[in-house]
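What follows is a set of notes on a single structure, which appears directly below.
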Amino acid sequence: MPELPEVEVTRRCIEPFLVGRVIEAVHTTPASYFFLTPPGQLKKSLPGRKVGAVSRHGKYLRALLDNGQTLVLHLGMTGQLFSSGATSVRLLSAAARAALAPGEQAAFKPDKHTHLRLCFADGGPDVLFRDVRKFGKVLLLGVNGRDERLERLGIDALEASGIELFSATRKKRSPIKSLLLDQSVIAGIGNIYADEALFLAGVKPTRPCRRVKSAECHAIVAAAQRVMLRSIETGGSSISDYVAPDGTDGGYQDERQVYAREGEACPKCGHKIVRVVVGQRSSHYCPACQK
DNA sequence: ACCGCACCCTGAGCGC
DNA sequence: TGCGCTCAGGGTGCGG
């Protein structure tokens with residue numbers, strides 16, 4: 001599931017396939033809530049546009065266009081952004097995977113889940129946006145276009161300090177885990193990195209915000225940044241459907257301490273990792289190390 | 001005002 | 001073998 005590190009890895013990988021290229025044609029699936037900007041409008045507005053910088057805020061990607069418009073992408077739960085040259089069995093359906101000989105890699109062919117496909121005037125590789133569960137988003141912002149969901153975002157998690165988190169805890173009663181997932185406070189932290197950060201900081205996910213001390217907030221944010229930077233280095237977490245744009249798997253899932261390790265031994269003390277539900281999300285922690 | 005929860009979607013995995 | 005149920009979860013929006 002793409003969180004900040006996976007989105008950043010995606011940004012770095014897809015940037016060379018976007019920057020400086022002129023869009024020639026746009027292919028999409030039919031209109032759905034996936035398209036905040038209707039497909040018809042994308043097909044009308046995007047051709048002829050040259051792509052400039054590709055940036056990221058939280059889990060959102062933004063591609064600046066030469067006319068001042070911005071193409072905004074959110075990978076949602078299962079979004080995959082990659083170039084047409086990528087090969088990976090992870091990009092294929094289970095049925096297509098089963099048909100492959102062991103070890104064989106096949107080039108990806110656009111399927112019913114490939115909601116956006118950008119073709120370029122230079123005739124080089126296409127850029128594809130595939131999303132099985134359609135929780136992702138595509139939005140074309142006008143020159144001075146504003147979007148509430150983007151303006152609501154808090155400071156990017158890599159730029160944050162404990163101060164933003166601590167000041168938010170003073171106003172809330174909810175569990176600290178829920179606050180970490182609140183994108184309007186700190187943007188980019190998702191379920192995996194929230195659990196990992198709370199483990200490293202020794203704070204139980206269910207602890208009410210008001211009972212989290214300032215020093216603990218600093219520790220949580222520092223830990224979140226540490227695990228996310230490390231995850232970016234290793235190519236992100238390839239749990240669920242995430243795959244980097246070059247078709248490779250990330251490596252961070254192998255470094256998880258607690259996430260999806262219910263019943264396993266805590267790496268610090270050997271206690272069994274426990275799973276509870278906090279704010280409709282499964283949360284994993286060590287009952288001995290996290291108070 | 002704040003918080004919990006349903007909902008959007010599809011495929012994997014499991015039990016019968 | 002095959003069907004049907006459950007679960008996963010980011011973000012939004014509603015209702016208590």
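Numbered from 1 within each chain, the chains take letters A, B, ... in sequence-line order.
The number of heavy-atom neighbours closer than 6.0 Å to NZ of A:Lys44, taken from other residues, nucleotides and ligands shown, is 12 or below.
Nucleic acid contact class of A:Ser178 (heavy atoms, under 4.0 Å, all strands): none. When heavy atoms are screened at a 4.0 angstrom cut-off, A:Lys59 is found touching the sugar-phosphate backbone but no base atom. A:Tyr60 comes within 4.0 angstrom of the backbone, heavy atoms only, and of no base. Counting non-hydrogen atoms under 4.0 angstrom, A:Arg275 reaches the backbone sugars and phosphates but no base.
When distances are taken from the side chain of A:His74 to each of C:dG11, B:dG4, C:dG9, the shortest belongs to C:dG11. In the set C:dG9, C:dG11, B:dC3, the nucleotide with an atom closest to the side chain of A:Lys172 is B:dC3. Distances from the side chain of A:Ser282 to the nucleotides B:dG4, C:dG9, B:dC8 place C:dG9 closest.
Defining each end axis of the helix from B:dC2-C:dG16 to B:dC16-C:dG2 as the rotation carrying four pairs' C1' atoms onto the next four, with five pairs an end, the two axes are found to diverge by 60° to 10 degrees.
A donor-acceptor contact under 3.5 angstrom links the side-chain atoms of A:Arg281 to the base of C:dG10.
Rounded to an integer number of Å, the gap from A:Leu181 CG to B:dC5 P is 15 Å. As rounded to whole Å, 10 Å separates atom P of C:dG11 from atom CE of A:Met77. Going from atom CD1 of A:Ile189 over to atom P of C:dG10 covers 12 Å, rounded to whole Å.
With no hydrogens or angles considered, a side-chain donor-acceptor pair links A:Arg62 and A:Ser55 at under 3.5 Å. Between the side chains of A:Asp195 and A:His284, at least one donor N or O sits under 3.5 Å from an acceptor N or O.
The residue among A:Lys134 and A:Ser174 whose nearest nucleotide of DNA chain B is located toward the 5' end is A:Ser174. Two residues, A:Arg149 and A:Phe135, neighbour DNA chain C, and the one matched to the more 5' nucleotide by heavy-atom proximity is A:Phe135.
Between A:Gln183 and C:dG11, a side-chain N or O to OP1/OP2 separation shorter than 4.0 Å is present.
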